[in-house]
Structures are given as structure tokens and as C-alpha cells.
Amino acid sequence: MPHLFTPLKIRGVTLRNRVVVSPMCQYSAIDGVVGTWHQIHLGAFATGGSALVMVEATGVNPVGRISIGCPGLWSDEQEAAFLPIVHFAHSQKTLIGIQLAHAGRKASTTLPGADHPIATPAEGGWQSVAPSPIAFHGLQDPQVMSVADIHQTTADFTQAAVRAVRAGFDLVEIHAAHGYLLHQFLSPLSNQRTDEYGGSFENRTRFLREVSIAIRAAIPETMPLFVRISATDWREGGWDLDQSTTLAAELKNIGVDLIDVSTGGAVHDAKIPVAPGFQVSFATAIKEATGILTSAVGMITEPEQANSIVENQQADLVMLARAMLRNPRWTLDAASQLAAQVDWPVQLVRGKKS
């Protein structure tokens, strides 16, 4: 059996293979409520043979959404809307997780294709918030969060995790990457606070550690907890791999099970050497230094490439995004190419290559 198709047990959950559909924004929710598009979009992945499908960045409160079309998980209506999606994934023996997020200073944007970036109040826009009064390029000036705001947001993350458990999700991921709120606190490029949430490494990581501790305590012991980080800002004086490695070790001690390793997003003009598998080495470095499970993401497109990452212990899971958009059943095709024996949905068997 190719390494890509070996199972992986994390707490009380067993992934049938090492392929994960990465969370991908769809900008198709209405007032934070997912609908038919999400059912079809995520349902297609659920029939595609991947072990785990991750739901896109989901706001833990109204101002935490990236755009006016992003989903949320702060209301009963939003929670209920996820139920059929989760049920269908489970009917296909596919695990499903949700990425809980807060966009911070990168919030309140319009939908793709709009002729202006910031949603007006009439369009449903809102005032963004951030650790410091530093705007992201081209976006609005954020309001600085008070300590009380930070504590309330931790409570919002925790309550969203409780709702995720009730909705039947198999795991929760905390989004602390790509220049969104928790990453904004981590990076010196966006965090210039002088209180207990700014300055030193301990202070800049405090918010994420508090969120992780709170969610770990709120979800079942058997439920995995992932954290996505940007391992580097690709900018001098920013967040970097050494800090990421130290943070990963601390998160492991808290009870985080896997670090989902991406990069970038803190600043708009970072020089990022994008190439096939360009972020894998960061996942490997964190895995080797700390012993925590890691996932690799970023320009992973080919079955042999993905299999090699797992076989060579560069990462424990591979997450695919654009390749899955092109072919939601990428994993079934990969199994055929790698000569792995996997179960197909009975409705699709006629399309299997002999």
C-alpha cells in the first residue's frame, strides 16, 4: 500500500488515508449561513476518497468573517445549516472538520469581482479590529482591541467550537495563519502593543495559547485539535520558523494534535518563492524539532509528489486546495495511479479505471 493511503489515528479519530481537502473560501454564505453551494461543493469532496474534508474559514463572531459572504458559527441557524453537510460526509465514510477563524484587520471585504475592496455598511460591512492601529494594504484602518475584546473573542472561539461539536464535526482547526487575527498578534509586523499581548514572544503568542487551551477544554478528549500557522512572514523582522517551532512545542503541550503548516499573508508585498511543494520544508522542520504531527500544504498537485512527502516523513498529512477544485475526486485518481486499493462510492464505480 502506498504511504499516502495508510491510515492515521489521532485521538479517537482514524483517517483512512493521508489526503485532506484544505479549507477554501467560497464567499457564498448569506449572513454567515451556508447553503446549497456549500452542500454541493463539500459534498463533491466527500465522495472523492479523501480522508478528511475541511470547511473553509468560519467566523466565530460577525466581525470575524473575512468577507460579507463568508460563513459563521455564532448562531443556531448557522449551526443547523452545517448538519446536512456533516451528515452527508459521514454517509460517505469521510471525516469533516471546520476551521474556526477571525479575520481581524483583513475583514469586511466585498465579494470577488466587486469594484471596491471594503464592504460598505449598506452592503453589510463592519468596522474591522486588530491588535494595533495598522491597516493591511488597501483595507480599512482597524479599531484596536482592548484586553476585554481579546477575552471576549477567546470566548467566541470556544463557543463556536462547542457548536462545531454539536453539529457533528470530527475535528476543529484554529486558523492562526495568513495574516488573520491570531497571526496578527503573533507577528511583530502587525502587533505593536505594549501590554501583555504584545512585545515579547510570550506576549505575542498569549492570545493563541489562550484560545487553544479554552477550545481543548471545551471539546471532547477524543476530538483532534489542529492549528494552522504561517511558519514565516517571508519578511525581515517578522514571524519566522524559529518562533513557529517554539510555538508548536508549546501548543503540543497544551493538547494541540497537529500543526497545519502554511506561510505568508501578514504583508501584501512579501517575496514568496512559490513552486511545487515550496512550504513542505517548514512542516518537516517543525515535525522533526517537536515531534508533533504536521500537515503540508501549498502547490501539492501530483500523486507521486504527495506520496513522497508522507513516505519520506516530511509531513504526516498532505492538504490539497487548487488541485481539488480542478478535480474533487483527485484522491480516487491518485489511488489508481499509485495502485492502491480503495473503496469507491457505488454510484461512481463505473468510472473507475480497470
Side-chain angles (χ1 to χ4, degrees), residues 20-25 54 56-57 66 99-106 130-131 134 136-137 139 173-191 201 204-205 207-208 212 226-252 256 258-290 292-302 305-306 308-310 312-325:
V20 179
V21 179
S22 194
M24 293 177 276
C25 292
M54 291 298 300
E56 66 193 89
I66 301 168
Q99 186 184 69
L100 300 180
H102 193 299
R105 68 178 186 168
K106 296 176 84 172
I134 307 169
F136 187 81
H137 179 76
L139 300 184
E173 176 171 274
I174 301 167
H175 197 354
H178 299 167
Y180 297 122
L181 183 66
L182 292 170
H183 183 187
Q184 291 162 28
F185 273 83
L186 296 177
S187 176
L189 300 178
S190 48
N191 184 349
F201 170 87
R204 285 181 285 110
T205 61
F207 191 7
L208 175 55
S212 300
F226 293 3
V227 174
R228 173 169 276 191
I229 65 169
S230 286
T232 177
D233 289 339
W234 300 105
R235 174 64 71 82
E236 186 73 25
W239 183 258
D240 57 25
L241 179 58
D242 287 344
Q243 294 176 87
S244 294
T245 301
T246 302
L247 173 63
E250 295 185 358
L251 293 176
K252 181 182 179 183
V256 171
L258 179 142
I259 303 297
D260 174 6
V261 185
S262 188
T263 65
V267 291
H268 75 287
D269 57 352
K271 306 300 182 185
I272 302 177
V274 177
F278 72 105
Q279 296 173 150
V280 174
S281 63
F282 295 97
T284 306
I286 291 170
K287 175 180 171 63
E288 290 179 346
T290 66
I292 197 169
L293 298 173
T294 62
S295 63
V297 64
M299 298 290 284
I300 299 170
T301 59
E302 303 304 320
Q305 175 195 17
S308 176
I309 291 168
V310 179
N312 294 325
Q313 300 183 46
Q314 295 173 278
D316 300 282
L317 297 175
V318 291
M319 288 195 173
L320 285 78
R322 288 177 176 84
M324 288 291 180
L325 291 178

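We're numbering straight along the sequence, starting at 1.
- Of the options Thr245, Ile292, Leu247, Thr290, a side-chain contact (heavy atoms from CB on, under 4.5 Å) to Ile259 is made by Ile292 and by none of the others.
- Between the CG atom of Asp260 and the CZ atom of Phe226 there is a distance of 8.0 Å, given to the nearest 0.5 Å.
- Without hydrogens or angle criteria, Gln243 side chain to Thr205 main chain gives no donor-acceptor distance under 3.5 Å.
- With a 4.5 Å cut-off on side-chain heavy atoms, Phe201 and Asp242 do not count as touching.
- Nearest heavy atoms, Ala306 versus Ile300: CB-CG2, 4.0 Å.
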From CA spacing to verdict: side chain to side chain contact (heavy atoms under 4.5 Å, CB included), His183, Asp233: CA-CA 10 Å; His183 183 187; Asp233 289 339; 2.7 Å; yes
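- Contact check for Thr263 versus Trp234: side-chain heavy atoms found under the 4.5 Å cut-off.
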Is there a side chain to side chain contact (heavy atoms under 4.5 Å, CB included) between Ile286 and Ile229 once you walk through the steps? CA-CA 11 Å; Ile286 291 170; Ile229 65 169; 4.0 Å; yes
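- Within the 3.5 Å criterion, the main-chain N or O of His175 finds no donor-acceptor partner in the side chain of Gln99.
- Relative ring orientation between His268 and His137 is described as parallel, the plane-to-plane angle staying below 30° on a 0-90° scale split at 30° and 60°.
- A donor-acceptor contact shorter than 3.5 Å is absent between the side chain of Ser230 and the backbone of Ala177.
- What you find for Met24 and Leu320 is that their closest heavy atoms are CE-O, 4.5 Å.
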List the steps and the verdict of side chain to side chain contact (heavy atoms under 4.5 Å, CB included) for Arg228 and Met319. CA-CA 11 Å; Arg228 173 169 276 191; Met319 288 195 173; 3.5 Å; yes
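- Between Leu139 and Arg105, the closest side-chain pair of non-hydrogen atoms is not below 4.5 Å.
- A 4.5 Å side-chain heavy-atom check between Thr232 and Leu241 finds every atom pair outside the cut-off.
- Across all their heavy atoms, Ala57 and Ala101 have their closest contact at CB-CB, 3.8 Å.
- The nearest pair of heavy atoms linking Leu189 to Glu236 is CD2-O, 4.2 Å.
- Here the side chain of Ser244 pairs a donor or acceptor atom with the backbone of Ala231 at under 3.5 angstrom.
- The minimum heavy-atom distance between Phe185 and Asn191, with the atom names listed, is O-ND2, 2.8 Å.
- At least one side-chain heavy atom of Arg204 sits less than 4.5 Å from a side-chain heavy atom of Pro188.
- Applying the salt bridge (Lys or Arg N to Asp or Glu O under 4.0 Å) rule to Glu302 yields no partners; only residues at least two apart in sequence or on another chain are considered.
- Annotation: Phe282 is not in aromatic contact with Trp239 [ring centroid separation under 6.0 Å not met].
- Residues Ile66 and Ala103 approach most closely at CA-CB, 3.7 Å, considering heavy atoms.
- In this structure, the side chain of Glu173 does not engage the main chain of Val227 through any donor-acceptor pair within 3.5 Å.
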Step-by-step side chain to side chain contact (heavy atoms under 4.5 Å, CB included) determination, Leu293 to Leu317: CA-CA 8 Å; Leu293 298 173; Leu317 297 175; over 6 Å; no
